[in-house]
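Side chains are part of it too, since the values below use all heavy atoms of this structure and drop only hydrogens, waters and symmetry mates. Within every chain, numbering begins at 1; the chains are lettered A, B, ... in the order of the sequence lines, protein sequences first and strands thereafter.
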Amino acid sequence: MAFPGPSRRGNQGERELLMLDNTTMWEAAMKKFVNDPKNFVPEMLKGIALANPGTLKYVPEYNLIMRAEGPRNDKVSIVQGSGSGHEPAHVMVVGKGMLDAACPGDVFSAPPMEYVLETTKLLKSDKGVLLLVNNYTGDKMAFEMASELAEAEGITVKTLFINDDVAVQDSLYTIGRRGVAGNFFVMKAVGAAAEAGADLQECARIGEKVNSVTRTMGIALSACTPPAKGEPLFQLGDDEIEIGIGIHGEPGRRREKIRDANAIVDTLLDAVVPDLPYSSGDEVALMINGLGGTPISELYLLYGIAHEKLAAKGISVWRSYVGEYCTSLEMAGASLTLVKVDDEIKQLLTAPAEIAIRVF
Amino acid sequence: MAFPGPSRRGNQGERELLMLDNTTMWEAAMKKFVNDPKNFVPEMLKGIALANPGTLKYVPEYNLIMRAEGPRNDKVSIVQGSGSGHEPAHVMVVGKGMLDAACPGDVFSAPPMEYVLETTKLLKSDKGVLLLVNNYTGDKMAFEMASELAEAEGITVKTLFINDDVAVQDSLYTIGRRGVAGNFFVMKAVGAAAEAGADLQECARIGEKVNSVTRTMGIALSACTPPAKGEPLFQLGDDEIEIGIGIHGEPGRRREKIRDANAIVDTLLDAVVPDLPYSSGDEVALMINGLGGTPISELYLLYGIAHEKLAAKGISVWRSYVGEYCTSLEMAGASLTLVKVDDEIKQLLTAPAEIAIRVF
Amino acid sequence: MTSSFDRVESVVRTITDTCIANEKYFGDLDSVVGDGDFGFSLARGFERVDEGWDTFDRTDVGTFLSKIAIVITSRVGGTSGPIWGTAFLRAGGTVKGKVDLTGEDVVAMLRAAIEGIKARGGASLGEKTLLDALVPMTDTIEERLAAGDAAADVVKAAAVAARTAADATKELEAKRGRAAYTGERSIGSVDPGAIAVAVLAEKVAETW
Amino acid sequence: MTSSFDRVESVVRTITDTCIANEKYFGDLDSVVGDGDFGFSLARGFERVDEGWDTFDRTDVGTFLSKIAIVITSRVGGTSGPIWGTAFLRAGGTVKGKVDLTGEDVVAMLRAAIEGIKARGGASLGEKTLLDALVPMTDTIEERLAAGDAAADVVKAAAVAARTAADATKELEAKRGRAAYTGERSIGSVDPGAIAVAVLAEKVAETW
Ligand SMILES: Nc1ncnc2c1ncn2[C@@H]1O[C@H](COP(=O)(O)OP(=O)(O)O)[C@@H](O)[C@H]1O
Ligand SMILES: Nc1ncnc2c1ncn2[C@@H]1O[C@H](COP(=O)(O)OP(=O)(O)O)[C@@H](O)[C@H]1O
Ligand SMILES: [Mg+2]
Ligand SMILES: [Mg+2]
Ligand SMILES: [Mg+2]
Ligand SMILES: [Mg+2]
């Protein structure tokens with residue numbers, strides 16, 4: 001950071017000390033692929049754009065990844081914002097059939113209001129803009145303020161809050177359940193509907209519907225280290241796991257001793273299944289989402305166990321989703337999501353899409 | 001493990017002690033989603049099959065994942081074996097357009113000869129069986145013995161060794177370069193050719209060709225813990241990285257201090273680019289492969305840097321491959337692969353395929 | 001007590017520098033039951049304030065503060081952007097057109113900021129947010145001004161009140177923001193926002 | 001020295017139990033410059049031998065050993081499956097039809113095993129493999145038999161020779177197998193395969 005020319009400024013000494021501290025911290029403690037930690041998000045976003053020339057565009061001013069072709073007036077624009085650190089959510093699921101744009105904030109921080117506002121303006125469409133937001137205080141505020149201002153500028157906007165996490169219960173006080181990995185299903189369904197020409201009202205209906213039948217619960221085996229922090233967000237004992245972890249490393253319901261995979265799947269299903277509830281005869285999509293540091297081999301192991309335990313309850317898995325969908329940097333852990341599906345949802349979830357994350 | 005009935009048997013006491021040790025070890029030290037560590041691979045394979053009903057089949061006797069429809073006499077069968085722990089390689093890339101089957105060994109162990117032999121028999125086709133093998137002593141032996149025996153049983157077999165790792169140089173003694181993440185390109189190209197009806201000779205030609213223009217180099221930021229071992233394979237200091245790491249945790253070329261992402265990309269490119277060499281005017285596929293514990297955000301950050309550095313050398317990236325292709329359990333780290341492409345390779349790499357790893 | 005424009009500038013300057021300098025400390029506080037970004041968010045936002053420092057319209061205190069508010073609201077991520085931005089905006093709104101401020105002006109600014117924060121985030125006193133430092137601090141300022149204390153003493157008393165109240169958030173259960181998810185587990189750690197208010201008040205007192 | 005079928009069975013039994021019991025130790029040795037699976041591979045294979053123990057055809061020593069060889073070759077993963085399987089197969093091949101073995105038979109078996117390992121893996125002496133324990137051990141057995149020592153003494157001497165040679169692999173640079181990738185960095189650690197041979201020889205001597 002360069003300090004601009006002559007200006008009235010206070011305790012410079014203290015700030016220089018801090019910068020020094022930051023550098024030392026990086027060198028000593030952080031095992032990450034990163035240059036200046038402050039540029040972690042921009043450099044990642046640049047990489048995404050370079051990896052997808054012709055299909056994705058990066059607008060550095062607003063941390064914005066959008067389809068290269070821009071918004072279309074005959075299609076609702078679907079936008080999701082949130083903190084960074086959850087990749088592939090949401091910047092890597094921009095593309096035909098899913099998002100039109102994603103405007104992330106810094107790691108684990110809701111995007112500043114201006115990013116959301118400018119993104120909404122850049123994605124303006126005659127058919128309207130649908131903003132998908134994970135239900136957190138900061139995100140909610142930024143999106144509400146931005147959509148008010150966007151509407152004042154003549155843009156039709158609807159905002160949809162995703163809140164699939166059963167770890168946090170509604171209460172008089174809190175803002176309510178959090179949005180976590182289940183948001184993938186909302187984005188996929190709404191994206192498919194918008195691509196097929198649905199209007200704003202219809203897109204919102206579909207989003208609400210999918211959100212209403214989606215439930216998630218996660219478990220962390222380790223903490224994670226935000227690049228600009230340089231230290232783990234929390235400490236877990238060698239034999240401890242965090243049940244109901246939030247995707248920003250927020251503590252969950254409780255800490256317990258590590259147990260075998262069967263017991264862990266039981267814990268996850270016991271939280272998720274009775275919540276909707278999912279009942280015998282239901283058809284579901286089953287997602288085992290990796291939190292960033294858990295290998296896909298372990299995720300498939302969990303999948304197999306969950307699939308069979310659901311079958312034993314008479315709940316049949318219609319389709320599997322195993323991999324990383326919504327992560328917490330390099331946190332080891334996993335979440336389990338169920339979506340109760342019907343023909344409409346099935347069709348939307350399997351509709352084609354062309355996004356940054358792909359295998360070949 | 002149950003000990004079968006009455007039999008002549010030696011120092012039982014010592015063995016029971018060992019089993020006790022294993023349990024304690026698991027509870028104390030291992031942060032993994034696993035039941036009995038000995039069943040890690042079978043339980044994962046079962047999960048893969050449950051996640052892909054109708055398309056994949058699991059044959060527990062031989063650790064085998066194969067297409068549910070079985071071999072076709074009008075199509076060369078493409079089979080890859082190797083140790084487990086590298087997922088999604090290779091069990092998760094079985095499916096139309098890629099492998100017909102994969103027979104993994106235990107974690108980081110070449111499959112026992114019998115697995116390869118029985119797999120080859122089950123995949124028997126009039127057009128022949130092509131065995132893809134990463135070039136390691138154990139794998140080479142198992143595949144050579146098995147293909148000899150399979151041929152004796154009247155099966156037409158060809159074996160192709162993949163050796164893209166530049167970290168290890170050929171020498172008079174060693175078996176030569178190792179096969180690492182670049183094997184994805186060989187599997188994809190050969191799989192596409194076989195699907196299109198190419199004969200065994202032609203499939204082998206394509207595999208050799210892709211292998212001959214593919215080079216990889218990897219870096220580890222952390223070790224990994226095989227489930228049945230329960231302890232990290234090696235120790236890296238808090239500020240140390242291993243340059244040229246093998247995908248089984250074998251030490252690489254040297255240990256160095258952690259550096260920023262720009263410097264790390266330089267190290268990888270300096271090893272890979274001059275090796276083929278890749279020169280100004282070349283078109284390449286660029287893969288940034290995660291080793292299991294590194295989040296995709298960091299991989300895209302590396303991708304962006306590598307893309308630009310290659311462009312500066314006049315080497316243009318034709319297509320990006322960013323994600324996990326060949327891992328070492330939960331190891332943090334990445335490898336960089338270049339493939340020099342021509343029209344034939346491009347067409348094969350982008351041909352459709354339907355495999356277990358997919359996003360939606 | 002009257003306060004010149006210079007004084008306002010110097011206070012905002014102190015806030016700016018202190019938020020930048022305490023990036024790590026504020027972040028660490030937020031990782032106990034939050035997500036650790038509080039320090040980073042404030043620091044990146046106030047760096048913007050620092051960068052634009054010489055360019056802000058200084059016609060009057062109200063205009064000046066609203067310019068600062070726009071930078072904060074626009075560029076600070078997380079909950080803090082809307083909360084802190086709203087606070088500066090509402091504070092500025094009460095002193096539109098003024099260049100010199102009375103003690104009553106200062107109290108009005110702080111009360112407006114508090115109301116803005118409540119409106120934006122729905123929090124009340126005792127829910128373990130920055131309000132739990134800001135409100136007792138404002139009460140103290142009002143009392144001391146009424147008692148006719150000198151400005152420097154008022155500022156010192158404000159710092160003591162903010163610190164005492166901020167430290168006392170340790171006993172509270174979080175009902176708002178990310179910490180609220182942890183319910184009872186939030187008891188035992190201080191609220192980062194409240195501590196930030198205390199640190200800022202102390203720095204302002206120090207540099208008065 | 002002659003050796004009954006019982007003795008052969010007991011030696012194979014000792015090898016089986018020792019490989020199962022040393023899973024962790026052998027694995028740890030292999031993680032120094034290898035990939036850590038050596039112990040796991042052997043243990044899983046010899047568990048199969050254990051499971052099938054009562055079913056192996058015991059018509060003669062050759063047949064018995066070839067049945068063991070098939071289990072090992074078939075079910076042990078990694079380099080060790082083919083290497084150890086070939087060793088048992090070749091050893092059995094030299095004593096087809098025999099039920100009692102002479103000292104010469106034992107030496108011939110070991111020499112055949114060594115040649116089989118060399119043929120299978122292409123390694124020579126001094127390249128830091130199990131050969132570097134197996135060959136000196138066999139040499140010692142041959143010498144002691146020629147000197148007319150009692151069987152129990154021969155076996156003890158064999159164990160000492162294997163141990164000494166295995167420990168000496170520490171000084172060697174690996175030229176074969178996974179450890180060879182590390183070149184000079186392999187110097188300073190013993191070869192897991194060679195140590196396994198020493199451990200087995202010692203257990204055989206202990207239980208003689
Ligand atoms: N609803 C709210 N109203 C007022 N202040 C709040 C509210 N929620 C959180 N805060 C304050 O914000 C601080 C956290 O800020 P920040 O880290 O930016 O939020 P987050 O990361 O949760 O979006 C808390 O310490 C608290 O003082
Ligand atoms: N080419 C070879 N010939 C003979 N023995 C070998 C050869 N390569 C390795 N070994 C032996 O095998 C041991 C390692 O076995 P194992 O762990 O099963 O191999 P890997 O994991 O490398 O496939 C080494 O310690 C060495 O004694
Ligand atoms: Mg935050
Ligand atoms: Mg191995
Ligand atoms: Mg926070
Ligand atoms: Mg090994």
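In terms of heavy-atom pairs under 4.5 angstrom with chain A, the leader among B:Met92, B:Glu324, B:His86 is B:Met92. Contact tally against chain A (heavy-atom pairs below 4.5 Å) for B:Tyr303, B:Phe185, B:Tyr321: the top residue is B:Tyr303.
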- Query: Given the rule in the side chain to side chain contact (heavy atoms under 4.5 Å, CB included) test, do B:Glu308 and A:Leu50 qualify, once you have shown the distances and angles that lead to the verdict?
  - Reply: CA-CA 8 Å; B:Glu308 291 203 315; A:Leu50 284 170; 3.6 Å; yes
- Task: For side chain to side chain contact (heavy atoms under 4.5 Å, CB included), just list the numbers for B:Val359 and A:Phe184, CA-CA rounded to whole Å, side-chain angles, deciding distance to a tenth of an Å, and then say yes or no.
- Result: CA-CA 10 Å; B:Val359 180; A:Phe184 179 83; 3.9 Å; yes
- Item | Test side chain to side chain contact (heavy atoms under 4.5 Å, CB included) applied to B:Tyr300 and A:Glu43, step by step | CA-CA 8 Å; B:Tyr300 270 98; A:Glu43 290 192 47; over 6 Å; no
- List the steps, then state whether side chain to side chain contact (heavy atoms under 4.5 Å, CB included) holds for A:Ser297 with B:Glu330. CA-CA 9 Å; A:Ser297 46; B:Glu330 82 289 3; over 6 Å; no
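Interface remark: A:Ile296 contributes backbone and side-chain atoms alike to the contact with chain B (heavy atom separation under 4.5 Å). With a 4.5 angstrom heavy-atom cutoff, A:Ala49 does not touch chain B via any of its atoms. Using a 4.5 Å cut-off between heavy atoms, A:Pro104 does not touch chain B at all. Of the atoms belonging to A:Ala356, heavy atoms from both backbone and side chain fall under 4.5 Å from chain B. Looking at B:Ile305, only its side chain comes within 4.5 Å of chain A, counting heavy atoms on both sides.
Once rounded to the nearest 0.5 Å, the distance linking CZ of B:Phe33 with CD1 of A:Ile288 reads 9.0 Å. Here B:Lys46 contributes atom NZ and A:His307 contributes atom NE2; the two are 10.0 Å apart, rounded to the nearest 0.5 Å.
Looking at B:Asp260, its side chain never comes within 3.5 Å of a backbone N or O of A:Val34 through a donor-acceptor pair. A donor-acceptor pair under 3.5 Å links the side-chain atoms of A:Lys31 to the main chain of B:Glu240, judged by distance alone. Judged by distance alone, the side chain of B:Asn35 and the main-chain N or O of A:Asn262 form a donor-acceptor pair under 3.5 Å.
Of all heavy-atom pairs between B:Lys188 and A:Phe360, the closest is CE-CD1, 3.3 Å.
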